[in-house]
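Values below: all heavy atoms of this structure, side chains included; hydrogens, waters and symmetry mates excluded. Each chain gets a letter, A, B and so on, in the order the sequences are listed, and its residues count up from 1.
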Amino acid sequence: MYALVDGNCFYVSCERAFQPCLETRPVVVLSNNDGCVVSRSEEAKALGIEMGAPIHQLKELVSKGKVHIFSSNYALYGDLSRRMMSVLRRQAPMVEVYSIDEAFLHFEGISCPDWQALGQEIRMEVLRQVGIPTGVGIAPTKTLAKVANHLAKKQKAWGSVCVLETPEQIESALRSLPVGKIWGIGRQHEKLLLKHHLRTALDFTEAPAAWVRQHLSIVGARLQLELQGQACLKMETIIAPKKNICTSRSFGQMLSDFKPVSEAVANHAHRCACKLREQGSAAALITVFLNTNRFRPELPQYNPSLTLSLLNAGNSSLDLVARAQTALRAIWRQGYAYKKAGVIVSGIVPEQEIQLSFGADTGRLEKQRALMQTLDALRARYGHDAIAVATQGSSKAWHLRQERRSQRYSTCWSEMMEV
DNA sequence: TCTGGGGTCCTAGGACCC
DNA sequence: TCTGGGGTCCTAGGACCC
């Protein structure tokens, strides 16, 4: 059996873990730049606040003090996520961390007389040790565990745990689930399935396999088998290195001058280089892109991007920042109000397998590697911003809005809660 | 006042090889 | 009457996920 455990409105629950007085209040957490709603408490949903709603649509509720608002605090959420995962690792022989707030547990070869009780125990353990309420779905395949988890959240009477074990339980669950709610069926496929009168997960499960294969590709075929109880999706317990890495941010305000945009791009390139070194990779390609504000169609729009190759695949912050600056200068046009910039690195290879160009300056590359090791050691000891490439600047004109961030209670000495 | 930031996988089609 | 039969690699675009 597989279990899917996920944190209820995870970011909101992280905030509540340190401010229990918000337990029964409407609470939302905003995206980066305090842009739109990315997490809502049940009470906030009841007020009609939609997922993804831009904050300016909430102004009335906010001014009347009807909803508590937080900027996102990824240091806090990341840390509570790690703690939640470590509790889960003690509950099951095999754990796959699927996202910041979800994990699959696999009980291979284990027969349990009472899955419902086990689910409750897992729930209580996470709640007791981390303070995060969760929902638990247990079933014979990952996709069915997702279905069970969905039902666990909907049916409060089940105590946030739902077990689908017998064919009767599975069939009745699938009958109650709209086809678009299946994990792996998105908007486009939902539209197609509805057009062919497949309205519930059960309809989809019983559709002719050849038809599914033809219209929804191998992915849909697997999905169907999973819903029929045949496990096709494996547990992925080792984290594979990323094949693309992107760092991008909207600016706190629109920017028309080169300098602050160039500082932002330098910061993003440096972050990409750090992420590459963290996973022991190097990149052969770097892309820089800019966006004007797409929500202001009356302003001139310009959304350029340029990909450059590196002479040798690398992960040095200095090299990547320099190459990103070259790309930025090539696409930069004066006269636009820019809203966002980003850097993507791709063509990723393991650090030890870099194919050097003919006549590469290996002495210099060796020096750069040593320098980056020192830089990373300083960052580890004194914080991410302890040392920077000069091009990153210090004006911070491009920085995010973040007006309502809570304290980094669990990762920062100076922000620890005092009792 | 004023809309986020990441990722993956699959397929079709073009270009190439013998 | 009527034009072979295999392959690989790369990329763009579309679908999906959190």
*For the side-chain contact (heavy atoms from CB on, under 4.5 Å) test, which of A:Met235, A:Lys234, A:His106 pairs with A:Lys142?*
A:Met235

Would you classify [X] as touching base, sugar-phosphate or nothing, given that sugar-phosphate means primed atoms plus P, OP1 and OP2, and contacts are heavy atoms under 4.0 Å?
X: A:Ile55; answer: nothing
X: A:Thr247; answer: sugar-phosphate
X: A:Glu102; answer: sugar-phosphate
X: A:Arg294; answer: sugar-phosphate
X: A:Lys339; answer: sugar-phosphate
X: A:Leu30; answer: nothing

Got a list of side-chain donor-acceptor pairs under 3.5 Å for residues 312-323 of chain A, not counting sequence neighbours?
{"from": "A:Asn312", "atom 1": "OD1", "to": "A:Ser357", "atom 2": "N", "distance (Å)": "2.7"}
{"from": "A:Asn312", "atom 1": "OD1", "to": "A:Ser357", "atom 2": "OG", "distance (Å)": "3.0"}
{"from": "A:Asn315", "atom 1": "ND2", "to": "A:Ser281", "atom 2": "O", "distance (Å)": "2.9"}
{"from": "A:Asn315", "atom 1": "ND2", "to": "A:Glu351", "atom 2": "OE2", "distance (Å)": "3.0"}
{"from": "A:Ser316", "atom 1": "OG", "to": "A:Leu318", "atom 2": "N", "distance (Å)": "3.1"}
{"from": "A:Ser316", "atom 1": "OG", "to": "A:Asp319", "atom 2": "N", "distance (Å)": "3.2"}
{"from": "A:Ser316", "atom 1": "OG", "to": "A:Gln368", "atom 2": "OE1", "distance (Å)": "2.3"}
{"from": "A:Ser317", "atom 1": "OG", "to": "A:His270", "atom 2": "ND1", "distance (Å)": "2.8"}
{"from": "A:Ser317", "atom 1": "OG", "to": "A:Arg277", "atom 2": "NH1", "distance (Å)": "3.1"}
{"from": "A:Asp319", "atom 1": "OD1", "to": "A:Arg364", "atom 2": "NH2", "distance (Å)": "2.9"}
{"from": "A:Arg323", "atom 1": "NE", "to": "A:Ser309", "atom 2": "O", "distance (Å)": "2.9"}
{"from": "A:Arg323", "atom 1": "NH2", "to": "A:Ser309", "atom 2": "O", "distance (Å)": "3.1"}

*asked:* Any side-chain to backbone donor/acceptor pair from A:His215 onto A:Trp211? Under 3.5 Å, distance only.
replied: yes

How many Å lie between [atom1] on [X] and [atom2] on [N], as a whole number?
X: A:Phe251; N: B:dT3; atom1: CZ; atom2: P; value: 13 Å
X: A:Ile245; N: B:dG5; atom1: CD1; atom2: P; value: 17 Å
X: A:Ile239; N: B:dG7; atom1: CD1; atom2: P; value: 14 Å
X: A:His56; N: B:dT1; atom1: NE2; atom2: P; value: 12 Å
X: A:Asp6; N: C:dC18; atom1: CG; atom2: P; value: 10 Å
X: A:Lys59; N: B:dT3; atom1: NZ; atom2: P; value: 13 Å
X: A:Arg405; N: B:dG4; atom1: CZ; atom2: P; value: 20 Å
X: A:Ile348; N: B:dG7; atom1: CD1; atom2: P; value: 9 Å

Check whether any side-chain nitrogen or oxygen of [X] sits under 4.0 Å from OP1 or OP2 of [N], and answer yes or no.
X: A:Lys340; N: B:dG5; value: yes
X: A:Lys243; N: B:dC9; value: yes
X: A:Asn244; N: B:dG6; value: no
X: A:Arg401; N: B:dT1; value: no

*Classify the ring geometry between A:Phe104 and A:Tyr98 as parallel (under 30°), tilted (30 to 60°) or perpendicular (over 60°).*
perpendicular

*Residues within residues 31-43 of chain A bordering DNA chain B, heavy-atom distance below 4.0 Å*: A:Ser31, A:Asn32, A:Gly35

*Could you measure between the two C1' atoms, the one in B:dC17 and the one in C:dG4, and give it in whole Å?*
15 Å

Please table the atom pairs, donor to acceptor, closer than 3.5 Å between any side-chain atom in residues 19-30 of chain A and protein atoms at least two apart or in another chain.
{"from": "A:Gln19", "atom 1": "NE2", "to": "A:Tyr409", "atom 2": "OH", "distance (Å)": "3.3"}

_Considering all heavy atoms, the nearest A:Ala145-A:Tyr2 contact_ =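 Where A:Ala145 meets A:Tyr2 most closely, the heavy atoms are CB-O, 3.8 Å.
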
_According to side-chain contact (heavy atoms from CB on, under 4.5 Å), who are the partners of A:Ile344, at least two apart in sequence or on a separate chain?_
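A:Cys246, A:Thr287, A:Phe289.
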
*Who passes side-chain contact (heavy atoms from CB on, under 4.5 Å) against A:Ala207, sequence neighbours left out?*
A:Leu198, A:Val212, A:Gln224

*Thinking salt bridges, do A:Arg128 and A:Glu125 make one under a 4.0 Å N-O criterion?*
yes

Restricting both atoms to N or O, compile the protein contacts to nucleotides 10-15 of chain B shorter than 3.5 Å, with distance only.
{"from": "B:dC10", "atom 1": "OP1", "to": "A:Arg222", "atom 2": "NH2", "distance (Å)": "3.0"}

_Nearest-nucleotide pick for A:Lys242, side chain only, options being C:dC18, B:dT8, B:dG6_ =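 So the nucleotide nearest the side chain must be B:dT8.
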
*Is the number of heavy atoms from other residues, nucleotides or ligands within 6.0 Å of NZ (A:Lys66) greater than 12?*
no

